[in-house]
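What follows is a set of notes on a single structure, which appears directly below.
Only this structure's heavy atoms are used, side chains among them; waters, hydrogens and symmetry mates stay out. No experiment lies behind these values; they were computed from the predicted model shown.
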Amino acid sequence: MFNVLLVDDEPWVLEGLRTMIDWERFGFQICGEALSAPEALKLMEQWKPELVMTDIHMPVLNGLELIEHSNRTMPLPPKFVILSGYDDFGYAHQAMRQRVAEYLLKPIDDEEIEAVLAKLSHEIQDERDAERSNRKKAGLAVHYLLNRLIREELSPDLAEQASNAMQIQGEPLLQCLLIETGITETGVDWIEWMTDYGPPSLLGCFQDNSGSIGVVLHVEHSTPDEVMETALLLQSALARELEGPVIVALSGTGEGIQAIGKLYRQSAEVRDDKRSQGRSGVFCCQEPRGAERLRGLPCGWMDELLSMIMAGEHASIESCLARIFTAMPDHLLHLRAFQADVADLELKLCRRIAEMNGDPDLFMNRLQRKLGHLSDACHKAPLKNYMRLLAFEAASQLEELSKLNEHNTIYQVIQYVDREYRSRLQLQDLARHFHMNATYLGQLFKKHAGKPFKEYLNDKRIEEAKLLLKRSGMKVSEIALHVGFPNADYFIHKFKLTTGILPSNYKNHVESKQR
């Protein structure tokens with residue numbers, strides 16, 4: 001049934017609408033009645049009706065203002081039907097602008113309003129079906145991307161796709177929740193079920209190779225107790241629906257898309273452990289003793305290594321790698337955590353390459369052709385080799401891009417000067433515009449243009465002035481201002497310094513030759 005809200009400042013009108021129409025016949029039920037627009041807004045926020053029938057003339061806010069406010073503030077505003085005692089084209093025109101579904105005149109004709117309700121019922125149902133279909137398609141897309149992420153297929157392109165699909169910005173705190181039902185064929189579409197009944201913090205869900213249902217939660221603003229409550233509610237609901245034991249395994253927390261593979265492995269280990277014991281309920285991941293120390297120490301050094309790679313300090317990169325390798329653990333579980341740190345470093349380097357107009361996918365393909373994927377480096381020696389190659393290849397790539405960008409930037413600066421020479425250009429303003437140091441820009445400009453900035457600018461203006469002196473009837477003072485000189489005296493001084501003659505003599509000489 002669809003909810004309908006009735007709004008009119010006359011109680012007898014509300015009573016008539018409530019009692020004289022067979023709402024259920026058209027799939028509607030009255031969720032509330034309001035005598036004013038402010039009261040209606042409160043009820044709309046509470047009930048989120050699919051349809052609102054409202055009068056125009058009411059105190060405080062009229063019906064059209066109510067509609068305008070709802071369309072502007074509500075993420076999914078209802079359909080509106082106006083019931084008005086005024087046959088005024090102005091009102092009808094405003095209603096059309098607010099995309100009102102129908103505009104009916106009082107007294108209301110039974111057949112007319114029934115036809116409107118029948119039509120709107122079909123429209124609302126079609127829109128709901130389309131929205132459900134779109135949500136299911138979006139859920140399937142997220143399911144596919146998450147399955148790639150839990151298989152450690154992380155790449156900048158995949159990370160960007162997953163972030164967009166789950167509407168993630170930055171690197172929020174995430175947690176993985178894995179559900180084991182022990183039933184292979186339940187007849188339940190789990191992706192659709194989770195989309196409809198999952199918690200508000202749900203970002204996406206997936207089904208792994210063993211048939212368990214995975215859920216990725218955004219827990220940035222949730223306490224551990226709130227996450228546990230979410231897991232308990234899901235476990236209880238599924239146990240009742242399936243009438244059998246259900247395991248819900250909770251991972252630890254991690255930051256951003258790159259952490260999803262690690263979080264899945266944590267929850268999978270908890271699930272496997274509890275399944276082997278024949279237990280059901282909600283269980284949390286327990287980090288191994290010393291894991292915080294082993295993960296935290298390299299994590300700090302990884303940031304230092306990242307800075308050295310970006311600065312192209314090859315000797316410092318080597319010493320930093322040696323320090324990190326000394327702290328590298330031997331335990332497989334700890335190596336996986338270390339591997340996640342390397343994946344995080346890899347992603348940050350790829351982002352930097354993209355920011356500098358490089359191709360991170362091409363960089364990663366070249367790297368992987370030499371040593372394979374990071375996920376293949378499950379032991380200490382291959383992980384060391386992978387990390388060393390990543391660091392030095394990235395440093396070289398960033399150095400090349402820096403030189404290329406420097407050339408491209410100064411080319412853009414010269415083009416800008418050639419285009420804007422008539423304006424009051426200053427080197428400091430130019431440096432601010434291109435986000436560069438003014439002194440450094442001056443050095444680069446001279447290196448690439450063959451002359452200092454000021455000289456280049458004046459020469460450009462003089463060349464344009466020559467053309468105007470030849471082809472136009474403009475006065476010397478007009479030409480001076482037109483080409484960008486602050487006054488005629490300064491123009492005449494620079495013109496004579498450059499050409500050896502005064503502008504007026506140049507003009508007369510050209511005119512005499514043309515005769």
Side-chain angles (χ1 to χ4, degrees), residues 1-135 138 167 195-196 200:
M1 299 288 279
F2 302 127
N3 284 329
V4 59
L5 176 66
L6 307 178
V7 188
D8 201 296
D9 61 342
E10 297 287 351
W12 62 270
V13 174
L14 294 177
E15 184 179 357
L17 289 171
R18 182 177 64 251
T19 58
M20 295 177 64
I21 300 171
D22 185 0
W23 295 98
E24 290 188 11
R25 177 183 161 198
F26 302 101
F28 291 97
Q29 61 183 8
I30 296 173
C31 66
E33 299 174 10
L35 292 167
S36 68
E39 184 184 355
L41 288 171
K42 291 179 183 177
L43 290 173
M44 286 165 67
E45 186 176 345
Q46 178 184 353
W47 292 103
K48 297 180 174 51
E50 285 81 13
L51 175 64
V52 175
M53 302 191 95
T54 180
D55 189 17
I56 286 185
H57 281 277
M58 295 183 293
V60 187
L61 287 175
N62 66 37
L64 292 170
E65 290 169 331
L66 166 67
I67 295 166
E68 189 276 331
H69 184 275
S70 303
N71 287 338
R72 180 165 40 84
T73 59
M74 295 182 69
L76 193 64
K79 290 186 178 295
F80 286 92
V81 172
I82 287 181
L83 306 175
S84 175
Y86 297 86
D87 186 7
D88 186 318
F89 176 75
Y91 288 132
H93 182 66
Q94 287 185 57
M96 288 166 60
R97 286 172 56 195
Q98 295 295 340
R99 296 177 302 201
V100 169
E102 292 290 341
Y103 186 99
L104 303 178
L105 293 175
K106 298 176 183 177
I108 303 164
D109 180 81
D110 290 352
E111 290 185 3
E112 186 179 19
I113 198 165
E114 287 178 358
V116 166
L117 292 175
K119 184 187 82 166
L120 292 179
S121 178
H122 284 299
E123 285 183 8
I124 293 169
Q125 186 61 55
D126 288 345
E127 289 173 5
R128 180 174 284 187
D129 290 343
E131 181 192 356
R132 190 179 189 83
S133 174
N134 289 336
R135 280 195 293 121
Q167 299 180 345
T195 303
D196 289 337

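Going from atom CD1 of Ile113 over to atom CE of Met53 covers 3.5 Å, rounded to the nearest 0.5 Å. Note that CZ of Phe28 and CD1 of Ile21 are 10.5 Å apart. Values are rounded to the nearest 0.5 Å. Here the straight-line distance linking atom CD of Glu65 with atom CG of Asn62 works out to 4.0 Å at 0.5 Å rounding.
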**Prompt:** For Leu104 and Glu112, what are the C-alpha separation, side-chain angles and deciding distance, and is it a side-chain contact (heavy atoms from CB on, under 4.5 Å)?
**Reply:** CA-CA 8 Å; Leu104 303 178; Glu112 186 179 19; 3.4 Å; yes
**Prompt:** Can you check side-chain contact (heavy atoms from CB on, under 4.5 Å) on Leu117 and Val81, steps first, answer last?
**Reply:** CA-CA 10 Å; Leu117 292 175; Val81 172; over 6 Å; no
**Request:** Walk me through it: do Leu51 and Leu120 pass the test side-chain contact (heavy atoms from CB on, under 4.5 Å)?
**Result:** CA-CA 9 Å; Leu51 175 64; Leu120 292 179; 3.8 Å; yes
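Side chains of Leu76 and Lys48 form no contact here, defined as non-hydrogen atoms less than 4.5 Å apart. Counting heavy atoms from C-beta outward, Leu35 and Leu14 have side chains that approach closer than 4.5 Å. The shortest distance between side-chain heavy atoms of Lys79 and Ile124 falls below 4.5 Å. The shortest distance between side-chain heavy atoms of Glu50 and Glu127 does not fall below 4.5 Å. Between Ser36 and Val60 the shortest side-chain heavy-atom distance does not fall below 4.5 Å. Using a 4.5 Å heavy-atom cutoff, the side chains of Val4 and Phe26 are not in contact. Residues Ile67 and Ile82 form a side-chain contact, since some pair of their non-hydrogen atoms from C-beta on lies under 4.5 Å apart. You'll find the side chain of Pro59 reaches within 4.5 Å of the side chain of Asp9, heavy atoms only.
Minimum heavy-atom separation, Asn71 to Pro77: OD1-CB, 3.5 Å. Residues Pro49 and Pro78 approach most closely at O-CB, 3.1 Å, considering heavy atoms. Between Phe2 and Ser121, the shortest heavy-atom distance links the atoms CE1-O, 3.7 Å.
Of the listed residues (Leu105, Ile56, Leu17), just one forms a side chain to side chain contact (heavy atoms under 4.5 Å, CB included) with Leu83, and that residue is Leu17.
Contact check on Lys106 versus Glu10 returns no salt bridge, with no Lys/Arg side-chain nitrogen under 4.0 Å from an Asp/Glu carboxylate oxygen.
Annotation: side-chain hydrogen bond (donor to acceptor under 3.5 Å, both in side chains) contacts of Asn3 (sequence neighbours excluded): Gln29.
Contacts classified as salt bridge (charged side-chain N to carboxylate O under 4.0 Å, His left out) and involving residues 29-40 (residues at least two apart or in different chains) are given here: Arg18-Glu33.
No donor-acceptor pair closer than 3.5 Å links the side chain of Trp47 to the backbone N or O of Ile30.
Shown here is Gln167, whose CD atom has no more than 12 heavy atoms of other residues, nucleotides or ligands within 6.0 Å. Atom CD of Glu123 has more than 12 neighbouring heavy atoms from other residues, nucleotides or ligands inside a 6.0 Å radius.
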